[in-house]
Structures are given as C-alpha cells and as structure tokens.
Amino acid sequence: MRSVTARVYTDGKRLALGAHAVGVHFIGDAALFALADGTVRNAGAASGFAVHPEAITACAIHPDRKRLITGGEDGAVRTVTPEGEIKTLIEPGRKWVGHVIASAASGVIVAAIGKQAVVLRDDKEAHRFDYPSTIGGLALDAKGRRLAVSHYNGVNVRLALAANDKGTDLKWAGSHLAVTMSPEADYVVSAMQENVLHGWRLPDKLDLQMTGYPSKTRSFSWNKNGRWLATSGADRAVIWPFVGKMGPQGKEPLMLGERQALVTAVAFHPSEDILALGYADGAALAVRLADQTAIELDEPGEGAVTALAWSADGALLALGDEAGRGGVVTMT
C-alpha cells in the first residue's frame with residue numbers, strides 16, 4: 001500500500017528508471033542517474049542516453065559542474081551533459097573502471113582501473129599511479145589535492161597532481177574495500193572485508209578502529225565541516241564524531257534512523273546537519289541531527305537504495321534503487 005506521507009508523492013516525482021541505479025548526481029537542478037544497463041537518465045527527460053555498451057560501474061560530477069562522468073565495464077570513461085552530449089575521456093580497455101572521483105577545486109579527475117589510478121586534468125590523461133593490488137576505493141580531500149587509494153593491506157595517500165609523489169603508506173592487514181578522507185585531509189577511514197572500519201589520523205598515522213557493524217560499510221558521507229562521518233552497514237546510520245585530538249577514539253557514535261532494514265546509502269545535506277538515509281528495503285528518510293526529527297522520503301520497494309544525492313543548494317534530493325525505482329524530492 002502506498003504511504004501517503006512519503007515526500008516523493010507529496011513533494012516530488014516518481015521515476016521508473018528501468019535498471020539498477022549505480023549512482024546519481026545533480027547538474028544544476030537536473031538529476032542524472034547512472035544505470036547498470038549503460039544508460040544515463042535525466043530525471044526531466046523521457047528516455048535515457050546510451051553512454052556505455054555495457055554496465056556503468058561508477059560516476060561523479062565533472063569539475064566544470066556541467067557534466068556527469070561515467071566509468072563502465074567496457075573500460076571507458078566518458079562524460080555526458082543533461083542534454084545527452086557524450087565525450088570519451090579514456091578509450092575502452094580490457095579492464096573495467098572500478099571507481100571515478102573528481103574535484104571542482106583542483107580540476108582533477110581520477111579513475112580506478114585495475115591496479116592503476118588514472119589522473120586526468122582538462123579532460124586529458126596526466127599520469128598514472130600503480131598500486132600493489134586492485135584498487136578498492138578512491139577519495140579526495142576538499143581541495144582536490146590529496147588522493148587516498150585503498151588496496152590490499154592498506155591505503156596510500158599522495159598528491160594527486162604530482163606524478164612522482166610516492167605518498168604515505170598507511171598499513172593495516174586485510175582487504176580495504178572502500179575509503180574516505182575528511183575534508184581537511186586529517187583523517188582517512190577505510191571499510192574492511194570484515195564488518196569494521198579502520199582509520200588513521202594524519203600525519204602521525206595513529207590507528208583508529210570503529211567496530212560493531214552487523215554488515216559491511218559501503219557508503220560514507222562527511223558533513224560540511226568534517227565533524228561527523230555518517231556510515232552505512234547497520235539498521236540505522238552510524239555517525240562518528242571527528243572532534244578533538246583523538247577523533248572518534250573512545251567516543252560513542254550517534255545512531256539515527258533505526259528501522260528493521262540495513263542502511264545502504266547515506267548523504268549529508270551540503271550545508272545543514274541533515275542526513276538522508278536509504279535502506280535495503282527501498283525506504284528512505286531524512287533526519288536532522290540536532291533534534292533527531294525524521295521525515296519519510298520514500299516507502300519500501302523491491303530493492304535496496306543504491307543512489308542518493310542532494311542538489312548543490314540542498315533544495316532537491318534524488319534517490320534510486322537496485323530494482324530501477326527512482327525519485328526526486330523537493331526539500332524544505
């Protein structure tokens with residue numbers, strides 16, 4: 001039965017995407033969904049744009065803020081505008097693109113292809129960094145200068161635009177499947193094969209361990225000032241405090257948005273301490289940290305929420321799931 005309180009119905013637009021939503025980003029007020037069938041769907045258009053012949057595996061906003069960057073199973077990296085204009089940045093190859101990130105502050109784009117991080121500037125390849133194993137995740141700081149790359153047995157942090165920089169190795173045994181870096185690059189946190197997070201305080205490499213998850217963390221989001229890190233992997237959002245000299249060490253996290261389903265996606269509002277949460281049953285909430293007030297964005301569906309993003313001004317929120325259901329909600 002339809003929930004009459006879900007904001008996607010009262011203040012939004014329901015979308016039938018037609019394929020698993022890999023990611024979503026806003027270009028202005030246009031929500032662009034990257035889909036597992038190789039297409040990109042503009043929420044305001046009647047049909048999608050065929051960007052890759054195979055599945056899209058990763059996406060990010062281009063540094064010019066006018067295009068979506070996509071990586072695919074075909075090994076190509078491309079950009080697409082809200083109108084459907086497509087440009088190839090990296091030609092198809094034998095290995096698929098695992099991750100793509102970009103920074104408007106530095107103009108850098110980084111794509112993870114196998115054991116290499118390919119760095120681009122002005123839409124052209126600048127150089128490549130090699131790693132000892134397949135890349136698990138990529139992250140940039142707020143200035144787009146420092147690049148964190150997770151791989152087997154640790155994370156490497158280096159200057160993205162310095163081709164000869166060997167960087168700093170942060171070692172911890174095991175598989176590091178995802179990584180995030182605080183806006184000021186003073187903390188790096190990785191999601192392990194086990195249901196734990198491991199972190200480091202920089203530059204002294206102090207180890208931090210964050211445990212208690214019933215499932216693996218796949219989604220991270222920092223609030224604007226880097227004081228809170230929201231994570232998925234539990235039946236509520238686990239939000240760690242990064243304040244003081246020891247960060248989250250010895251502190252209890254905030255636990256918000258409890259439901260009888262795992263949180264699969266988290267996204268902080270771009271300027272307010274409001275967190276959007278997507279769940280394994282397809283439901284979505286928005287919760288304000290100050291008073292824990294929650295509103296229902298979407299009701300349960302047939303697949304986990306896999307794509308969640310705010311517009312730059314925080315007025316719109318887009319969400320998509322693995323069953324091909326999507327939506328755009330007007331927020332107040």
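Legend: salt bridge (Lys or Arg N to Asp or Glu O under 4.0 Å) pairs involving residues 12-38, not counting sequence neighbours, sorted by first then second residue: R14-D298. Within the structure, the salt bridge (Lys or Arg N to Asp or Glu O under 4.0 Å) test picks out the following pairs touching residues 257-267 (sequence neighbours left out): R236-E258, R259-D281.
In D291, the CG atom is crowded: over 12 heavy atoms of neighbouring residues, nucleotides or ligands sit closer than 6.0 Å. At most 12 heavy atoms of other shown residues, nucleotides or ligands fall within 6.0 angstrom of atom CD in E184. Atom CG of N164 sits in a sparse spot, with 12 or fewer heavy atoms from other residues, nucleotides or ligands closer than 6.0 Å. Atom NZ of K66 has 12 or fewer neighbouring heavy atoms from other residues, nucleotides or ligands inside a 6.0 Å radius. More than 12 heavy atoms of other residues, nucleotides or ligands lie within 6.0 Å of CD in E194, so this atom counts as buried by the packing criterion.
Across all non-hydrogen atoms, the minimal contact from E73 to E54 is OE1-OE1, 3.8 Å. A pairwise comparison of heavy atoms in P253 and P241 identifies CA-CD, 4.2 Å as the closest pair. Closest of all the heavy-atom pairs between A318 and V24 is CB-CG2, 3.8 Å. The two residues D165 and F129 make their nearest non-hydrogen contact at O-CE2, 4.1 Å. Residue A276 comes nearest to L308 through the heavy atom pair O-CD2, 3.5 Å, listed as atom of the first residue, atom of the second, then distance. Nearest heavy atom pair, residue S219 against residue A265, reads OG-CA, 3.6 Å.
Relative orientation of the H198 and H176 rings is perpendicular, given thresholds of 30° and 60° on the angle between their planes.
Remark: L229 CG to S182 OG distance equals 9.0 Å, nearest 0.5 Å. A distance of 4.0 Å separates NE2 in H25 from SG in C59, rounded to the nearest 0.5 Å. Note: L208 CG to W172 CH2 = 10.0 Å, rounded to the nearest 0.5 Å. The distance from the OG atom of S150 to the CE atom of M192 is 9.5 Å, given to the nearest 0.5 Å. Note: T293 OG1 to R288 CZ = 4.5 Å, rounded to the nearest 0.5 Å. Rounded to the nearest 0.5 angstrom, L89 CG and I109 CD1 are separated by 5.5 Å.
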Side-chain donor-acceptor contacts of residues 90-104 below 3.5 Å, not counting sequence neighbours, with atom names and distances?
{"residue": "H99", "atom": "NE2", "partner": "G136", "partner atom": "O", "Å": "2.8"}
{"residue": "S103", "atom": "OG", "partner": "A105", "partner atom": "N", "Å": "3.2"}
{"residue": "S103", "atom": "OG", "partner": "S106", "partner atom": "N", "Å": "3.3"}

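T88 and R78 share a donor-acceptor pair across their side chains, judged by distance under 3.5 Å alone. Between the side chains of N156 and H151, not a single donor N or O lies within less than 3.5 Å of an accepting N or O.
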#### Entry: Intermediate values then yes/no, side-chain hydrogen bond (donor to acceptor under 3.5 Å, both in side chains), T180 and Y187
CA-CA 9 Å; T180 187; Y187 290 98; over 6 Å; no
### Message
With side chain to side chain contact (heavy atoms under 4.5 Å, CB included) as the criterion, how do V266 and T231 come out once you've worked through the C-alpha distance, each side chain's angles and the decisive distance to 0.1 Å?
### Response
CA-CA 7 Å; V266 291; T231 63; 5.7 Å; no
### Task
Would you please test D207 and W200 for side-chain hydrogen bond (donor to acceptor under 3.5 Å, both in side chains) and show each step?
CA-CA 5 Å; D207 289 298; W200 296 266; 3.0 Å; yes
### Task
Check step by step if side chain to side chain contact (heavy atoms under 4.5 Å, CB included) holds for D123 and H62.
CA-CA 9 Å; D123 287 354; H62 191 276; 2.7 Å; yes
### Task
Determine, stepwise, if the pair K216 / L177 fulfils side chain to side chain contact (heavy atoms under 4.5 Å, CB included).
CA-CA 9 Å; K216 294 176 178 61; L177 305 179; 4.2 Å; yes
### D235/V263 under side chain to side chain contact (heavy atoms under 4.5 Å, CB included): CA gap, chis, key distance, verdict
CA-CA 6 Å; D235 61 356; V263 174; over 6 Å; no
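Here the side chain of S232 pairs a donor or acceptor atom with the backbone of R218 at under 3.5 angstrom. Using a distance-only test at 3.5 Å, with no hydrogens or angles considered, a donor-acceptor pair links the side chain of D321 to the main chain of A323. Listed for the T330 side chain is no donor-acceptor partner under 3.5 Å among the backbone atoms of L316. For H269 (side chain) and S271 (main-chain N/O), a donor-acceptor pair under 3.5 Å exists by modelled atom type. Under the 3.5 Å distance criterion, the side-chain polar atoms of R325 are matched with a main-chain donor or acceptor of G282.
If you chain together hydrophobic residues whose side chains sit under 4.5 Å apart, L275 and V238 never meet in one group. Following chains of ILVMFWY side-chain contacts shorter than 4.5 Å, one cannot reach L147 starting from V155, and the two form parts of different hydrophobic clusters. Each of W228 and M255 belongs to its own hydrophobic cluster when Ile, Leu, Val, Met, Phe, Trp and Tyr are linked at side-chain heavy-atom distances under 4.5 angstrom. Side-chain heavy atoms closer than 4.5 Å link hydrophobic residues (I, L, V, M, F, W, Y) into clusters, and following such links, even through other members, never connects I56 to V77. In the hydrophobic clustering of this structure, V287 does not group with L317; members are Ile, Leu, Val, Met, Phe, Trp, Tyr whose side-chain heavy atoms approach within less than 4.5 Å, directly or through other members.
A 4.5 Å side-chain heavy-atom check between L161 and R121 finds at least one atom pair inside the cut-off. No side-chain heavy atom of E85 sits under 4.5 Å from any side-chain heavy atom of V80. Put simply, the side chain of T81 does not reach to within 4.5 Å of the side chain of I27, judged on heavy atoms. Contact annotation: the side chain of Y213 never approaches that of V196 to less than 4.5 Å [non-hydrogen atoms, C-beta and beyond]. Between W240 and L254 there is no side-chain heavy-atom pair separated by less than 4.5 Å. At least one side-chain heavy atom of L170 sits under 4.5 Å from a side-chain heavy atom of K205. Annotation: side chain of W310 is not in contact with side chain of E272 (no heavy-atom distance under 4.5 Å). Between L256 and L289 there is a side-chain heavy-atom pair separated by less than 4.5 Å.
Y279 meets the ring pair (Phe, Tyr, Trp, His ring centres under 6.0 Å) test with no other residue; sequence neighbours excluded. Shown here are the salt bridge (Lys or Arg N to Asp or Glu O under 4.0 Å) partners of E125, two or more places apart in sequence or in another chain: R128. Qualifying salt bridge (Lys or Arg N to Asp or Glu O under 4.0 Å) partners for D204, counting only residues two or more places apart in sequence or in other chains: R201.
Judged by the 6.0 Å distance and 45° axis criteria, R41 is not positioned over the aromatic ring of F49.
Tested against V179 for a side-chain contact (heavy atoms from CB on, under 4.5 Å), the candidates V188, V157, V149, I135 yield a single pass: V188.
Separation of the F242 and W222 ring centroids falls under the 6.0 Å cut-off.
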